[in-house]
Amino acid sequence: MKKFILGLSCGLIIACSSVAFASGSIQALLFPAHFEINGSIVTLNNDYKVLNVDGHAYVPIRFVAENLGGTIDYDAELQKIFVKNRNLDLTDPDYKGISVGNLILTKVGNNTRVTGQLRMEGVGSSKNMIGANLSFYNDKSEKIGDVAINGSDFGVESQTFVLEGSGDFRTYSTVNLHVDAVNNNIISEAPSVIYENTKNNFTLNLPKSWEGKYDVVDTVIEGSNIENIDFINIANKDAGWGGVLFTIQIWSKDKWSTDGVIAKQNIQISKIGEKGDIIFSLSTPSDVNYNVNNEKLKAEYASMWDHINTIKTTFKIKN
């Protein structure tokens, strides 16, 4: 990918020559700086320069972001630079040990470029073959784009990938990771079962492993006319802890436009579908829903929780 140099003021005061400013332009001086990042000496290559502008050091933001372990890209249409350096928290619930994150989506012509990072755990080699895909969905649970991750150089250290998918899906609501193959071993797709809500005319695909482990409780919040459909871990319920895994809420469009905005500021909630004047949303609990002293219940709840992001994108309204 063509690298670009963009100035980022580091706030370093440098006693040097004055710099002349003209309309729409800046006259800068080269600054011979050396870098130590997190205890390691890092050398600039010929693609990068450090500049002195008005007594401040301007360094290449791509150089800094990449050496801090993050991802970076530039969207020319938006004229915006994106930098991400967070934990890699996107996983395939049916294949543990592979995590993806720091995703940046930018427009390239009629396509979307996806920059991100992937890391493997529990492997001793830094040269592992992986076949996977990222699927992107809008707030109606419709798939709007995808990219395939194929490579043989992935390992315990985060590796950056740059991929391109058809269409513009930068404004996605949800993204799922599905692992297809690891070191040439095909990963079979986990079986699922269909949950059907005949009252509200929608379906969800739930993991077959959930059979016999969940219950559904339908209530209406008094004074709000918002219907809550709670999916509860039965084992935790029997232990006296309720064990709500996630909740489907049914709103009027007007109610969602006002109270939904407030709810998004306070809890993990997102729109997953709409039909006419009705909005469907999915939320997850903001507090602990399992007995932290019971390791078995804790592990079961966590295993079921891992599937919620995938379940969310299977929401379908029946015609």
Considering all heavy atoms of both residues, which atom of [X] and which atom of [Y] are nearest to each other, and what is their separation?
| X | Y | result |
| --- | --- | --- |
| K80 | Y74 | O-CD1, 3.4 Å |
| T112 | D168 | OG1-CA, 3.3 Å |
| V50 | A33 | CG1-CB, 4.3 Å |
| L103 | V175 | CD1-CG1, 4.2 Å |
| W256 | S281 | CZ3-CB, 3.8 Å |
| N150 | A132 | OD1-N, 4.4 Å |

So, the side chain of [X] versus the backbone of [Y]: is there a donor-acceptor pair under 3.5 Å, distance only?
| X | Y | value |
| --- | --- | --- |
| D92 | V179 | yes |
| S192 | N205 | no |
| N201 | K318 | yes |
| N67 | I37 | no |

Donor on one side chain, acceptor on other, [X] and [Y], under 3.5 Å:
| X | Y | result |
| --- | --- | --- |
| Q159 | D153 | no |
| N138 | S173 | no |
| S283 | Q249 | yes |
| H178 | D94 | no |

Can you tell which of T284, D230, T219, N228 makes a side chain to side chain donor-acceptor pair (under 3.5 Å) with T247? D230

Quick check on side chain to side chain donor-acceptor pair (under 3.5 Å): which of T91, N133, T313 does N176 satisfy it with? T313

Heavy-atom check, side chain of [X] versus side chain of [Y], under 4.5 Å:
| X | Y | value |
| --- | --- | --- |
| Y195 | F202 | yes |
| F31 | V59 | no |
| I187 | D180 | no |
| L282 | F231 | no |
| D259 | W251 | yes |
| I272 | I248 | yes |
| L51 | L30 | yes |
| F169 | V114 | yes |

Tell me if the [atom1] atom of [X] is crowded by more than 12 foreign heavy atoms within 6.0 Å.
| X | atom1 | result |
| --- | --- | --- |
| N110 | CG | no |
| K253 | NZ | yes |
| K140 | NZ | no |
| I221 | CD1 | yes |
| D287 | CG | yes |
| E142 | CD | yes |

Between R170 and D75, is there a salt bridge with N-O shorter than 4.0 Å? yes

Going by an N to O cut-off under 4.0 Å, is there a salt bridge joining D146 and K143? yes

Inter-residue atom distance [X].[atom1] - [Y].[atom2], 0.5 Å rounding:
| X | Y | atom1 | atom2 | value |
| --- | --- | --- | --- | --- |
| K213 | M304 | NZ | CE | 7.0 Å |
| I144 | D139 | CD1 | CG | 9.0 Å |
| K49 | F63 | NZ | CZ | 12.0 Å |
| Q268 | S286 | CD | OG | 9.0 Å |
| M129 | N183 | CE | CG | 8.0 Å |
| Q117 | R86 | CD | CZ | 12.5 Å |

Stepwise side chain to side chain contact (heavy atoms under 4.5 Å, CB included) check, N309 with L90: CA-CA 9 Å; N309 194 59; L90 179 61; 4.2 Å; yes

Kindly assign one of parallel, tilted or perpendicular to the pair W210 and H307, based on the angle between their ring planes and the thresholds 30° and 60°. perpendicular

So if you build clusters from Ile, Leu, Val, Met, Phe, Trp, Tyr with side-chain heavy-atom gaps below 4.5 Å, do [X] and [Y] land together?
| X | Y | value |
| --- | --- | --- |
| V193 | V216 | yes |
| I250 | I311 | yes |
| I308 | L206 | yes |
| V100 | L105 | yes |
| Y172 | Y137 | no |

Using the side chain to side chain contact (heavy atoms under 4.5 Å, CB included) rule, take L163 and I149 through it: C-alpha gap first, then chi angles, then the decisive distance, then the call. CA-CA 8 Å; L163 307 167; I149 304 174; 3.6 Å; yes

Verdict with supporting geometry, K96 and D306, salt bridge (charged side-chain N to carboxylate O under 4.0 Å, His left out): CA-CA 10 Å; K96 303 296 184 180; D306 288 343; 2.3 Å; yes

Report the C-alpha separation of F161 and L134 in whole Å, then their side-chain angles, then the decisive distance to 0.1 Å, and conclude whether the side chain to side chain contact (heavy atoms under 4.5 Å, CB included) test is met. CA-CA 12 Å; F161 57 80; L134 293 170; 4.2 Å; yes

For a side chain to side chain contact (heavy atoms under 4.5 Å, CB included) check, start with the C-alpha distance between M120 and I130, then their side-chain angles and the critical distance, and finish with the verdict. CA-CA 10 Å; M120 297 185 69; I130 296 173; 3.3 Å; yes

